[in-house]
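Here is the naming used below: chain letters follow the sequence lines, and residue numbers restart at 1 for every chain. Keep in mind the model is a prediction, meaning the values are calculated, not measured.
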There are 2 protein chains.
Amino acid sequence: MTETTRKRSDKKREAIIQAATQAFQEFGVNGTSMDKLAELAQVSKRTVYNHFSKKEELVMHLIKEQWKSALVNIGVEYQHDLPLNAQLEELVFQEVTFMCSEGHLELARVAIGHFFYEPEKLKDEVAQLKAQESSLHRWLKAGKADGRLVFDDPEQVVNEIDSLIKGQCFWPQLFKIEDTISEDDKRRITQNIVALVLCRYAS
Amino acid sequence: MTETTRKRSDKKREAIIQAATQAFQEFGVNGTSMDKLAELAQVSKRTVYNHFSKKEELVMHLIKEQWKSALVNIGVEYQHDLPLNAQLEELVFQEVTFMCSEGHLELARVAIGHFFYEPEKLKDEVAQLKAQESSLHRWLKAGKADGRLVFDDPEQVVNEIDSLIKGQCFWPQLFKIEDTISEDDKRRITQNIVALVLCRYAS
DNA sequence: CTCATTTTACACTGAACAGTTTACTTTTCA
DNA sequence: TGAAAAGTAAACTGTTCAGTGTAAAATGAG
């Protein structure tokens with residue numbers, strides 16, 4: 001009995017999550033009432049509350065879910081025998097692709113909409129995001145150790161690269177000031193960033 | 001009669017604007033009820049409504065007010081006989097200082113809080129902000145015409161510089177992830193940006 | 001068919017809040 | 001002093017919304 005009943009329950013749950021994801025993106029968390037949400041999910045309001053006892057719980061579930069799934073590791077290990085150019089380009093391109101993906105943008109919109117007036121909580125969550133950025137960090141330090149890159153503070157270089165990526169592939173899209181980026185644009189932006197960085201820091 | 005009466009009225013109005021500015025920053029527009037606002041301004045709710053017939057009107061007034069006052073022109077004209085380094089540093093430093101000033105951050109917080117779920121309207125307003133960035137644009141084109149800078153698209157270079165500035169002096173502060181930047185940091189960041197850019201684009 | 005679980009419909013509570021109305025007070029200045 | 005202008009306090013309307021309670025209906029397993 002519990003077997004297929006579970007399945008029905010799970011389907012409803014899935015519908016709720018699905019509708020919430022869409023609605024929160026479109027109208028914002030505060031702009032989406034639980035009644036509206038239930039209607040969009042084709043589910044009774046009471047069922048929503050049976051699955052998530054508070055709105056807050058639903059929001060947090062969504063954010064962490066997406067956060068987790070977004071943590072597909074960006075990984076390029078430093079190679080002594082390959083040109084810096086190609087390696088860094090691959091790494092930056094991965095980051096660019098991730099940053100401007102609709103999935104990540106949607107997550108970010110929900111997160112920002114939710115945390116905008118709760119900076120302390122945001123701070124905590126952002127700390128986890130930082131871990132994901134350390135692949136670039138590792139690569140830079142390896143290049144420095146190998147004598148092919150010259151800089152004082154790797155943190156600063158990461159910041160610069162990160163700023164260049166987000167400034168062109170994340171913030172404008174987040175606020176829908178710019179449209180989605182084409183593959184060609186991604187490539188072009190990546191190449192410019194790599195050229196800029198290596199021109200300065202390659203020995 | 002109308003002379004001093006105006007003064008009293010203006011004082012109340014000022015108190016409302018003052019309280020609204022603070023409250024909107026701290027709790028957000030939606031997080032600030034008109035009752036709360038009236039209390040904070042030490043003014044009756046009715047007085048608020050005598051000055052601003054709708055909440056929306058108050059919000060728009062605030063944003064445009066601050067927008068206008070923020071439009072202190074950043075201007076450095078290109079000089080043929082001065083080193084690029086010093087000129088660009090001055091220009092970038094001005095932008096950095098503006099970007100991370102509390103005044104600008106507060107404006108941006110209110111604006112983003114208000115426009116986050118109205119991207120179309122945001123787009124319009126942002127267009128006006130772009131005009132202010134053209135001083136850098138002009139400087140770069142002058143440098144190129146003078147043969148001391150080499151690049152294809154000035155727009156792209158502006159984007160890169162802008163990304164570098166905002167990524168380090170605006171976004172982290174906007175979300176209160178990083179504290180206010182010290183004068184030394186501003187100088188250091190400026191110098192790094194200038195070095196990065198000139199290393200690549202100076203002939 | 002029957003029993004257990006889950007979903008549904010819907011009415012309800014209680015709070016928050018935008019905006020209004022009214023009756024009253026204070027300030028200013030002529 | 002007295003009339004005009006501005007402000008105040010507090011109750012009120014109407015709406016939206018989070019969250020609850022409950023009885024009936026749907027679903028599926030044995």
task = Respond yes when some side-chain nitrogen or oxygen of B/Ser9 is under 4.0 Å from OP1 or OP2 of D/dA6, and no when none is.
result = no
ask   = Does the pair B/Leu91 and B/Ser135 meet the rule for a side-chain contact (heavy atoms from CB on, under 4.5 Å), with working shown?
value = CA-CA 8 Å; B/Leu91 192 44; B/Ser135 174; 3.9 Å; yes
inquiry  = With nearest nucleotide decided by heavy atoms, which residue, B/Lys45 or B/Gln42, maps closer to the 5′ end of DNA chain D?
reply    = B/Gln42
message = Just N and O in the side chain of A/Ser33: are any of them under 4.0 Å from OP1 or OP2 of D/dT16?
response = no
query = In terms of side-chain heavy atoms of A/Arg8, which of D/dT27, C/dT8, D/dG19 is nearest?
reply = D/dT27
message = What I want to check is whether an N or O donor and acceptor connect the side chain of A/Lys55 with the base of D/dG19 at under 3.5 Å.
response = no
query = NZ of B/Lys54 versus P of C/dC17: gap in Å, rounded?
reply = 18 Å
request  = Provide, to the nearest angstrom, the distance between the NZ atom belonging to B/Lys36 and the P atom belonging to C/dA15.
outcome  = 17 Å
Polar side-chain atom of A/Arg200 near backbone of B/Arg200 as donor-acceptor pair, under 3.5 Å = no
Atom-pair distance (CZ on B/Phe27; P on C/dC17), nearest Å = 12 Å
query = What is the distance, rounded to the nearest whole Å, between atom CG of A/Asn50 and atom P of D/dG19?
reply = 14 Å
ask   = For the pair made of CE in B/Met34 and P in D/dT13, what is the distance, rounded to whole Å?
value = 21 Å
inquiry  = Using the side-chain heavy atoms of A/Ser44, tell me which of these nucleotides is nearest: C/dA9, D/dG7, D/dT20.
reply    = C/dA9
query = Using the ring of each side chain (for Trp, its six-membered ring), is A/Tyr201 parallel, tilted or perpendicular to A/Phe151, with breaks at 30° and 60°?
reply = perpendicular
request  = Look at B/His51 and D/dA6 and indicate whether a side-chain polar atom (N or O) is within less than 4.0 Å of OP1 or OP2.
outcome  = no
inquiry  = Without decimals, in angstroms, what is the distance between A/Glu57 CD and D/dG19 C1'?
reply    = 13 Å
request  = Describe, in one word, how the ring planes of B/Phe116 and A/Phe175 are oriented to each other, choosing from parallel (under 30°), tilted (30 to 60°) and perpendicular (over 60°).
outcome  = perpendicular
task = Write down the distance between CG (A/Asp10) and P (C/dT5), rounded to a whole number of angstrom.
result = 17 Å
key: Short side-chain N/O contact from A/Lys12 to OP1 or OP2 of C/dT7, under 4.0 Å   = no
request  = Could you say whether A/Arg46 or A/Asp35 is positioned toward the 5' end of DNA chain D, judged by the nucleotide with the nearest heavy atom to each?
outcome  = A/Asp35
ask   = D/dC17 C1' sits how many Å from A/Glu56 CD, rounded?
value = 16 Å
key: Sidechain N-carboxylate O distance under 4.0 Å for B/Arg138, B/Glu77   = yes
